[in-house]
2 protein chains.
Amino acid sequence: MVRLDDVDLKILLALIRDPRIQVSELADEAGVARNTAQSRLRRLQRSEVLREGGRDIDLGVLGYDVLAFVTLEVNHRELDAVITALRQIPNVLEIHETSGRGDVWVRLIATDTHQLQSVLRQILRIKGVTRSETTFALHSHLAYRTAPLLEHYAEHDH
Amino acid sequence: MVRLDDVDLKILLALIRDPRIQVSELADEAGVARNTAQSRLRRLQRSEVLREGGRDIDLGVLGYDVLAFVTLEVNHRELDAVITALRQIPNVLEIHETSGRGDVWVRLIATDTHQLQSVLRQILRIKGVTRSETTFALHSHLAYRTAPLLEHYAEHDH
DNA sequence: TAGAATTTGAGCAATATGGTCAAATTTAGG
DNA sequence: CCTAAATTTGACCATATTGCTCAAATTCTA
């Protein structure tokens, strides 16, 4: 597992915001010398925290091992408030309104099942949430990718 | 909706592979002059095809408007073969093995419901897939993000 | 407290960037 | 088919950035 200190974190956040940011700016953001920023960046790239070059981050490598998909049943009148509350939770990575049984689909991540429990309780306390159903992602067989679709796009959809 | 030609596509694919790639390499990859690569890159950045935040590309902007989550029930003996088959499909963006009712969770994207139908048929024809359940994502209330979690990480999980 | 590891600042050469420009080429319309 | 507009190209330039080294300072670890 990879551990990040404050400097790594600031560099990562800057890279997420703008993957093409300059090393010198990275250094400014993190408040370190350019040399340091450069070696930290190199290390982050090697460590596989940065997936495929730079945009996405491998949270598993950081110790977030529990991924879950949560389906919420929501009182429609309070949907907006529920969404707003969900967005406040850092462990909530993605939210979609869906068709079908539940109303809202949520991607949740946590360090362990204990932390997940705690986040789930937090969600169930939100006014307007009437029911929840949690599915654990036990193993990722294909991490989010768009390249094949784009390659396809040229020949077909377009 | 944004339309991409072959040059845009090659530039995008190169950027996905390595977001920090140099403009001159981008030009080589796309087989155009550096000036052209530079102006295309600028345009792509402005057009919001390139997203800031976690995930690379905004597929909605390209006309992929239908997002669906599909839960598959799979004959365990043939799981590996099913995964392999699913990976071949460009419209499959993500695959997870899950606990709970279904066995495999799939993120599907398509230009329209007709194309989605076609992909779903393709999936149901895979040997080992016994049942499927599709949920439509009608509206995204929070696009994939990791920044808040990382900011949180500093103070807590770490 | 000693030794190891990291950070810093400086300096340097090679390269990349962002910009301009005129000419060539391609695209779109009539 | 021809013209006008848009895009692309290659050349050029000044400036900024990169990747690298090195010795000194600082921080971390045992």
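Lettering follows sequence order; numbering is per chain, from 1.
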Exercise for review: Please check if the side chain of A:Q117 supplies one atom and the backbone of A:T113 the other of a donor-acceptor pair under 3.5 Å.
Suggested key: no
Revision key, fill the gap. Contacts of A:R107 meeting side chain to side chain donor-acceptor pair (under 3.5 Å) (sequence neighbours excluded), chain-then-number -> A:E94, B:E94
Point to revise | B:Y153 to A:L4 - nearest heavy-atom pair and separation | key: OH-N, 3.1 Å
Check your understanding: D:dT17 C1' sits how many Å from B:E25 CD, rounded?
Key -> 15 Å
Review point. Are OP1 or OP2 of D:dA16 and a side-chain N or O of A:Q22 less than 4.0 angstrom apart?
Key: no
Study note, to complete from the structure: Bend of the helix from C:dT1-D:dA30 to C:dG30-D:dC1 from end-axis comparison, five pairs per end, nearest 10°, comes to 70°
Practice item. Please check if the side chain of A:D18 supplies one atom and the backbone of A:L15 the other of a donor-acceptor pair under 3.5 Å. Key: no
N/O contacts under 3.5 Å, protein versus nucleotides 9-12 of chain D?
residue, atom, partner, partner atom, Å
D:dT9, OP2, B:A33, N, 2.9
D:dT9, OP2, B:T36, OG1, 2.4
D:dG10, O6, B:N35, ND2, 2.4
D:dA11, N6, B:N35, ND2, 3.2

Check your understanding: Any idea which heavy atoms bring A:G60 and A:D65 closest together, and the distance?
Key -> O-OD1, 3.6 Å
Practice item. Kindly write out the residues that satisfy side chain to side chain donor-acceptor pair (under 3.5 Å) with B:E29, not counting sequence neighbours, or none if the list is empty. Key: B:R17
Study note, to complete from the structure: With B for base contact, S for sugar-phosphate-only contact and - for none (protein heavy atoms under 4.0 Å), nucleotides 25-30 of chain D reads ------
Review point. Using a heavy-atom cut-off of 4.0 Å to chain B, what are the terminal contacting nucleotides of DNA chain C, in 5' to 3' order?
Key: C:dA16 to C:dC21
Study note, to complete from the structure: Sorted by chain and number, sequence neighbours left out, side chain to side chain donor-acceptor pair (under 3.5 Å) with B:D112 holds for none
Practice item. Output all residues satisfying side chain to side chain donor-acceptor pair (under 3.5 Å) with B:D6, sequence neighbours left out; order by chain, then residue number. Key: B:K10
Study note, to complete from the structure: Quick note, salt bridge (charged side-chain N to carboxylate O under 4.0 Å, His left out) partners involving residues 114-130 of chain B, not counting sequence neighbours, are B:E78-B:K127
Point to revise | ring-ring contact (aromatic ring centres under 6.0 Å, His included) against A:H96, all qualifying residues, sequence neighbours excluded | key: A:W105, B:F69
**Study point:** Exercise: identify the closest heavy-atom pair between A:A14 and A:I21
**Key:** CB-CD1, 4.1 Å
Review point. Partners of B:F136 by ring-ring contact (aromatic ring centres under 6.0 Å, His included), sequence neighbours excluded?
Key: none
Check your understanding: Sequence neighbours excluded, which residues qualify as salt bridge (Lys or Arg N to Asp or Glu O under 4.0 Å) partners of A:D80?
Key -> none
